[in-house]
Structures are given as C-alpha cells and as structure tokens.
Amino acid sequence: MSVLPARLAAARDEVRAQPTHDDRTLALLGTALGVCFTVCFLTGLLSHIIQHPPGWFTWPARPAGLYRVTQGVHVATGLASVPLLLAKLWAAGPRLLDEPVVRSVAHGLERLSLVPLVGGSLFLVASGTANLSGWYPWPFSFPPAHYAAAWVTVGALVVHVAARASTTREALRRPDPARPASPSLSRRGFLGAVGAAAGLVTVVTVGQTVGPLRRLAALAPRRPDVGPQGLPVNKTARAAGIDPSAGDHRYRLEVAGRVATPLSLSLVDLRSMPQHAARLPIACVEGWSASATWEGVPVRDLLALAGAPADAEVTVRSLQQGGSYSSSELNHVQAADADTLLALTIGGEPLHRDHGFPVRLIGPNRPGVQQTKWVHRLEVR
Ligand code: HEM
Ligand SMILES: Nc1nc2c(c(=O)[nH]1)N[C@H]1C(S)=C(S)[C@@H](COP(=O)(O)O)O[C@H]1N2
Ligand SMILES: [Mo]
C-alpha cells in the first residue's frame, strides 16, 4: 500500500524507470563525485594543518610551489564537483519517494545520514564559491565553518559509501539493464552533458593558477596578472589601515625574543645588507597564484646577525593592527631557508604599498595568507 497519492506514485515510477535515474547512472556520478570530494577533503585538510600545525607536523619549505598545486587542486576539484553534485541530486532525488520510507533500523539511519551529506555538501560548495568571489554574506568566519562542514560531510559520506558499495559495484560491473522503449534522455547523453559542464567549469577557472590557461579564465574571480606590479591584491594598504607615511625615516625593523643581540634596523640598514633574489609564487588559499621575482634580506641572515639559535622559529608581525593575517609563523625549516625573505623589491622595483611597502615576508611553499605584508617585527622563539 502506498501512502502517496496515486498520481504522484505513478509519476515517481515513471521517472524511476528512466536510465538517467537508475543505479548505473548514480553509480557513475557517485564515483566521480566521491573522487572529487576525497581529493578536495585531503587537500583542504592539508591546508588547515599547514595553517594550524599540530606538534608532530612541520610543513617543508620545498618544493617551493607545492602549496600552489595542492590548493589549486582543492579549488579546482571543489568547483568541478558543483555540476556533479547538482546532477546527482537531480538523478537521485525521486528515490526520496521510494516506499517503504524506512525498511529497517539500518536503512532508517542511512536515510537520516542524507541530511548531513546533502546539507554539508551544498554548504561546502556554496561557502567555498562565495569565498572565492569575495562575497561574505554570513556572520561567521569562513574557514572554521567550512572546516567543520567538511568533517560532517565526509563522515556522512563514509556511511553513504559503505551503505551503497555493493549496489554501486554491481551496477558498474553489470552490462546495461533493460531500458524503457523510449527514454526521454539517454544515460550517455546525460552523463556527457554533466561531464562537459564539469570540464567547462574547470577550463574557465583553472587559469587563475595554471599560466597557459590564463586567457580562458573567463569565470576565475582573479586574473593572476592584474594588479599593481602585475600581481593581484586581496588587502590594500588602505583597507589594512596602514599609515601612508609607513616606510619613512622613522621605520624600524625590530628583531627580538630569543636572540643574543636584539636588532633595530632602518630601511637604509636593510638595503645595505647583502640582498638575495628568489622567484616565488603568492599562492592564495582562494586558489589563485602568481609568481614574481622578489629581492631582499634573507630572514636567516637577520637571525644570524641577532645571534638566534639554529632551531629558531619566528613570529612575523605587520604594522597592520588586528585582522587574521597581521602576523604569521615561520617554522624552523622555513626560517632557515635561503629563499625566505624580507622582500624590499618586486621585479626590481620597490614594493608597491599594496604589496607590503616597505617590507614584506615572502617564503617558499607558504599559503598566501602567511606572506605577511608591511612587516615591522620578528619575534624569535
Ligand atoms: C566549490 C567547492 C569548494 C571551494 C571553492 C572551496 C574553497 C576553499 C577555500 C578558499 C579554502 C581556504 C580557506 C582558508 O584557509 O582561508 C578551503 C579550505 C578547506 N576546504 Fe574547501 N572548498 C570547496 C569544497 C570543499 C569540499 C567539498 C570539502 C570537503 C570535502 C572542503 C574542505 C575544506 C577544508 C577541510 C578546508 C580547510 C579549512 C581550514 O583552513 O580550516 N572544501 N576551501
Ligand atoms: N598584513 C597582511 N598581510 C597579508 C594579508 C593581509 O590581509 N594583511 N593578506 C595575505 C593574503 S590573503 C595574500 S593572498 C597575500 C597577497 O599578497 P599581494 O597582495 O602582494 O598579492 O598577502 C597576504 N599578506
Ligand atoms: Mo590569500
């Protein structure tokens, strides 16, 4: 006995008989989405651990462009999963009307797990996409909310995959089941369109980090070559509340903390020290990246001058007051790397104010949020 009105039950049965809603279609979409979400989760988790390192974890300074790749992959797989997710919801949706609604305790729990799975997935792609677009319509902070949603979603995903593993395996192995005489849309046509949509989303956005595809990046929120000195800016000096006189004769770089000789250096002092150049990317957590040639004083030279210990770790502080990115940490590997610089120039010119004039931190393999601008203090630990 159906609890649904007869016409709704009949409509459901008709839709359920379409190849675009059968087990095989769901198995193929589910597999693609599962791969994207797994890669997205692992790269996201890595980004979180890099920014909040537990005691056992030391993120290396090499290869210099590794974070650029992992976070580029995070955002690319996240965006590609948008059409896959919508297609999966459309294809699986009619099954919510299957009866009996609950067959067993296990089945009931599995159906219940769809709430965090669907809700969490939609929240992740919506919050991620809004963040890339610089749109913050919510009152909470993005990374912690996105991070919590990732765990909830992946937990529910594990339940879902375990519950559907055997059906999926079978549907993928078995040749096509019998089709209705005249499907309104073939499986091949549907999956082809979904695949094309995922490919298109990737091609029009991935140019924000993959140089050769830059010209195709019509929908990328950032063009990596647009901005002062050919580099984008997330936070301008004005938005960060940096005094326009920053960098005049009163400027001092302080080196303090666990050192034999605290230092207080003027810009002239810094410019008269041996300069070192390095070509390094800014790799923003938002998935865009851009390389530049930076020149300045290696942090390790300043540490040596101040008599810091060999295993020194450093807190780098900005003239910016408050804000999440007004300081960053250098672990002992990063602090000791020859290419971790307090940069004074970019491409041979003094830094633009919006790139951190008079002094900015730039180091290999670091998320953009840790490349602190308008630096005025190193605290050694
Ligand atoms: C359109 C889809 C997505 C986009 C555009 C996106 C974007 C982002 C961005 C910009 C960040 C950096 C946050 C920061 O450190 O400031 C991030 C972090 C993260 N993402 Fe996503 N994401 C998407 C989907 C997902 C999905 C599906 C998952 C999990 C399955 C996920 C898991 C994570 C995790 C765990 C982090 C680390 C959060 C932290 O730093 O605490 N994301 N994502
Ligand atoms: N003091 C300070 N430094 C900062 C930021 C900030 O908001 N304040 N933003 C960071 C972020 S998110 C990125 S991606 C890089 C961008 O550097 P750019 O503006 O020179 O391209 O700077 C980082 N340094
Ligand atoms: Mo960033």
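Heavy-atom basis, side chains included; hydrogens, waters and symmetry copies ignored. Just so you know, ligand 1 is whichever comes first in the structure, and atom 1 is the first atom listed for that ligand.
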Please tabulate, for side-chain N and O atoms in residues 8-15, each donor-acceptor pair with protein atoms closer than 3.5 Å (sequence neighbours left out).
{"unit_1": "R12", "atom_1": "NH1", "unit_2": "L97", "atom_2": "O", "d": "2.7"}
{"unit_1": "R12", "atom_1": "NH1", "unit_2": "E99", "atom_2": "OE1", "d": "3.0"}

Check: Without hydrogens or angle criteria, can the side chains of R250 and S245 be said to hold a donor-acceptor pair below 3.5 Å?
Finding: yes

Margin query: Which Ile, Leu, Val, Met, Phe, Trp or Tyr residues join V75 in one cluster when any pair of side-chain heavy atoms under 4.5 Å counts as a link?
Written below: L79, L132, V201

Check: Should the heavy atoms of other residues, nucleotides or ligands under 6.0 Å from CZ of R95 be counted, would the total exceed 12?
Finding: yes

Next item on the list: Describe, in one word, how the ring planes of Y147 and W151 are oriented to each other, choosing from parallel (under 30°), tilted (30 to 60°) and perpendicular (over 60°).
Entry: perpendicular

Item checked: Parallel, tilted or perpendicular: rings of F142 and H146 (30°, 60°) -> tilted

Item checked: Close side-chain approach of P60 and R62, heavy atoms under 4.5 Å -> no

Margin query: Before we go on, tell me: are the rings of W138 and F123 under 6.0 Å apart, centre to centre?
Written below: no

Notebook entry, point to check: Mind checking what residues have non-hydrogen atoms under 4.0 angstrom from ligand 2?
Noted result: P232, V233, N234, K235, I282, C284, W288, S318, Q320, Y325, D354, H355, R360, G368, V369, Q371, T372, K373, W374

What are the distances between nitrogen or oxygen atoms of ligand 1 and protein nitrogen or oxygen atoms, counting only those under 3.5 Å?
{"unit_1": "ligand 1", "atom_1": "15 (O)", "unit_2": "Q51", "atom_2": "NE2", "d": "3.0"}
{"unit_1": "ligand 1", "atom_1": "20 (N)", "unit_2": "H74", "atom_2": "NE2", "d": "2.8"}
{"unit_1": "ligand 1", "atom_1": "20 (N)", "unit_2": "H146", "atom_2": "NE2", "d": "2.9"}
{"unit_1": "ligand 1", "atom_1": "22 (N)", "unit_2": "H74", "atom_2": "NE2", "d": "3.0"}
{"unit_1": "ligand 1", "atom_1": "22 (N)", "unit_2": "H146", "atom_2": "NE2", "d": "2.9"}
{"unit_1": "ligand 1", "atom_1": "41 (O)", "unit_2": "H48", "atom_2": "ND1", "d": "2.5"}
{"unit_1": "ligand 1", "atom_1": "42 (N)", "unit_2": "H74", "atom_2": "NE2", "d": "3.1"}
{"unit_1": "ligand 1", "atom_1": "42 (N)", "unit_2": "H146", "atom_2": "NE2", "d": "2.8"}
{"unit_1": "ligand 1", "atom_1": "43 (N)", "unit_2": "H74", "atom_2": "NE2", "d": "2.7"}
{"unit_1": "ligand 1", "atom_1": "43 (N)", "unit_2": "H146", "atom_2": "NE2", "d": "2.9"}

Margin query: With no hydrogens and no angle check, just 3.5 Å: does a side-chain donor-acceptor pair link R271 and S266?
Written below: no

